Amino acid sequence: MTTTLITGANKGLGFETARRLVEAGHTVYVGARDAGRGRRAADELGARFVRLDVTDDASVEAAAKTLEAAGGLDVLINNAGIETRTEDNSVPVAATVTADRMRTTFETNVFGVVRVLHAFLPLLQRSAAPVVVNVSSGLASLTHLSDPDHPAHFYPGIAYPTSKTAVNMLTVQFAKAFPAMRINSVEPGFTKTDLNGNTGTQTVAEGAEIIVRMAQVAQDGPTGGYFDAKGRLPW
């Protein structure tokens, strides 16, 4: 039985990914900051709940001990993420972004990923087929955002894409450091979730497709890559 942990899994892409992997036969742990919401989601899915706040060392360490006691971990999906927005649902741009906004975004999207990886690496290293999926974004692509002919070029925000580009670098470096693991970044697409004020154009079912696929990648599959549902993306 494959044991999978998904951070930020009580709603949105994390919830849909959990649902699909439960259907695929995984033992899924729904990681969530809010115990009430997390337990309700886990009960609805037929999954297990573990309290996990990616911004808090003690919370992450406690979650790792819980999974270790339960038998270990095979698949880690770093899904928890934020995009800071103003009251009118716009994103801070170059003229208005502050160091504090950047710090808040990085605390969850980047430092949170590192914190979770650090805590769960010992368990993953004991797995016969360890997999890590880092949920990134198409906005992380320097190639696309610097291309005037690409739709992503017109996104004006600073903090969110910068944080996801950093996640992609984590993917590259961790994949090199742990070649026995399959570690990849994925771009779900512009999905309708609370993260973007439900302005996305895809359903969570469509967005979760690449996450679910890479969570089940074979041990001879790719590692250190960046993918969407259509294939490999340029950095």
Side-chain angles (χ1 to χ4, degrees), residues 1-32 38 41-42 44-50 52 54 63-64 67-68 70-81 113 116-117 119-138 140 164 167-168 170-172 174-189 191 193 202-233:
M1 180 72 76
T2 301
T3 299
T4 299
L5 168 65
I6 307 171
T7 65
N10 63 288
K11 62 180 180 177
L13 284 168
F15 183 90
E16 177 62 16
T17 300
R19 185 187 69 77
R20 298 267 294 274
L21 290 176
V22 167
E23 287 183 352
H26 289 217
T27 297
V28 174
Y29 280 83
V30 169
E44 182 179 343
L45 292 164
R48 302 179 184 183
F49 166 69
V50 62
L52 197 159
V54 302
L67 267 72
E68 181 177 24
L73 181 66
D74 303 297
V75 179
L76 170 63
I77 302 176
N78 286 308
N79 169 73
V113 171
V116 172
L117 280 168
F120 285 93
L121 274 171
L123 299 186
L124 290 166
Q125 288 177 296
R126 297 173 201 165
S127 171
V131 171
V132 176
V133 180
N134 293 325
V135 178
S136 182
S137 168
K164 291 301 186 177
V167 168
N168 283 357
L170 292 176
T171 293
V172 169
F174 273 85
K176 289 192 296 183
F178 300 97
M181 298 185 190
R182 303 296 90 183
I183 304 175
N184 292 289
S185 284
V186 299
E187 139 68 333
T191 304
T193 66
Q202 289 189 154
T203 65
V204 288
E206 292 170 317
E209 176 63 34
I210 187 60
I211 308 175
V212 172
R213 186 190 311 170
M214 298 310 291
Q216 300 178 92
V217 69
Q219 282 303 287
D220 61 353
T223 190
Y226 175 34
F227 301 90
D228 68 4
K230 295 180 182 178
R232 192 178 290 268
L233 292 172

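Side chains included, hydrogens not; waters and symmetry mates left out as well; all remaining heavy atoms used. For clarity, every value in this text was computed on a predicted model and none was experimentally measured.
For the pair Y226/T171, no side-chain contact is recorded, criterion being any heavy-atom separation below 4.5 Å from C-beta on. Between M214 and R182 the shortest side-chain heavy-atom distance does not fall below 4.5 Å. The shortest distance between side-chain heavy atoms of V135 and I77 falls below 4.5 Å. Contact check for L52 versus V116: side-chain heavy atoms found under the 4.5 Å cut-off. You'll find the side chain of F174 stays beyond 4.5 Å of the side chain of V132, heavy atoms only. Side-chain contact check for Q216 versus H26: some heavy-atom pair is nearer than 4.5 Å. Proximity of L73 to R126: side-chain heavy atoms (C-beta onward) are nowhere separated by under 4.5 Å. Within the 4.5 Å cutoff, side-chain heavy atoms of F120 are placed close to those of L67.
Annotation: salt bridge (charged side-chain N to carboxylate O under 4.0 Å, His left out) contacts of E44 (sequence neighbours excluded): none.
With hydrogens and angles ignored, the 3.5 Å screen pairs no side-chain donor or acceptor of T4 with any backbone N or O of V28. Within the 3.5 Å criterion, the main-chain N or O of G8 finds a donor-acceptor partner in the side chain of N79. Using a distance-only test at 3.5 Å, with no hydrogens or angles considered, no donor-acceptor pair links the side chain of Y29 to the main chain of A42. At distances below 3.5 Å, not a single donor-acceptor pair connects side-chain atoms of E209 with backbone N or O atoms of E206. A distance-only check finds a donor-acceptor pair linking the side chain of R213 to the backbone of A229 [under 3.5 Å]. Judged by distance alone, the side chain of T7 and the main-chain N or O of A80 form a donor-acceptor pair under 3.5 Å. Looking at S127, its side chain never comes within 3.5 Å of a backbone N or O of L123 through a donor-acceptor pair. Judged by distance alone, the side chain of N184 and the main-chain N or O of P222 form a donor-acceptor pair under 3.5 Å. Using modelled atom types, no side-chain atom of T17 and backbone atom of A9 make a donor-acceptor pair closer than 3.5 Å.
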For this session: For L121 and F178, run side-chain contact (heavy atoms from CB on, under 4.5 Å): C-alpha distance rounded to whole Å, both residues' side-chain angles, the deciding distance at 0.1 Å, then the answer.
Result: CA-CA 10 Å; L121 274 171; F178 300 97; 3.8 Å; yes
Exercise. So V113 and V54, side-chain contact (heavy atoms from CB on, under 4.5 Å) or not? Walk me through it.
Worked result: CA-CA 7 Å; V113 171; V54 302; over 6 Å; no
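Pairing each heavy atom of M181 with each of T223, the nearest pair is O-OG1, 3.3 Å. When all heavy atoms are compared, the tightest approach of A32 to G38 is CB-CA, 3.8 Å. Contact detail for N10 and V30: the closest heavy-atom pair is N-CG1, 4.0 Å. Taking every heavy atom of both residues into account, A119 and A64 meet most closely at O-CB, 3.8 Å. The two residues V75 and A215 have their closest heavy-atom pair at CG2-O, 3.7 Å.
In this structure, the separation between OG on S137 and CG on D228 is 11.0 Å, given to the nearest 0.5 Å.
Of the candidates V186, I211, N78, N134 forms a side chain to side chain contact (heavy atoms under 4.5 Å, CB included) with just one, namely N78.
Ion pairing between a basic and an acidic side chain is recognised when a charged N comes within 4.0 Å of a carboxylate O; E16 and R19 show such pairing.
D74 and T2 share no side-chain donor-acceptor pair at under 3.5 Å.
Atom CZ of R20 is surrounded by more than 12 heavy atoms from other residues, nucleotides or ligands within 6.0 Å.
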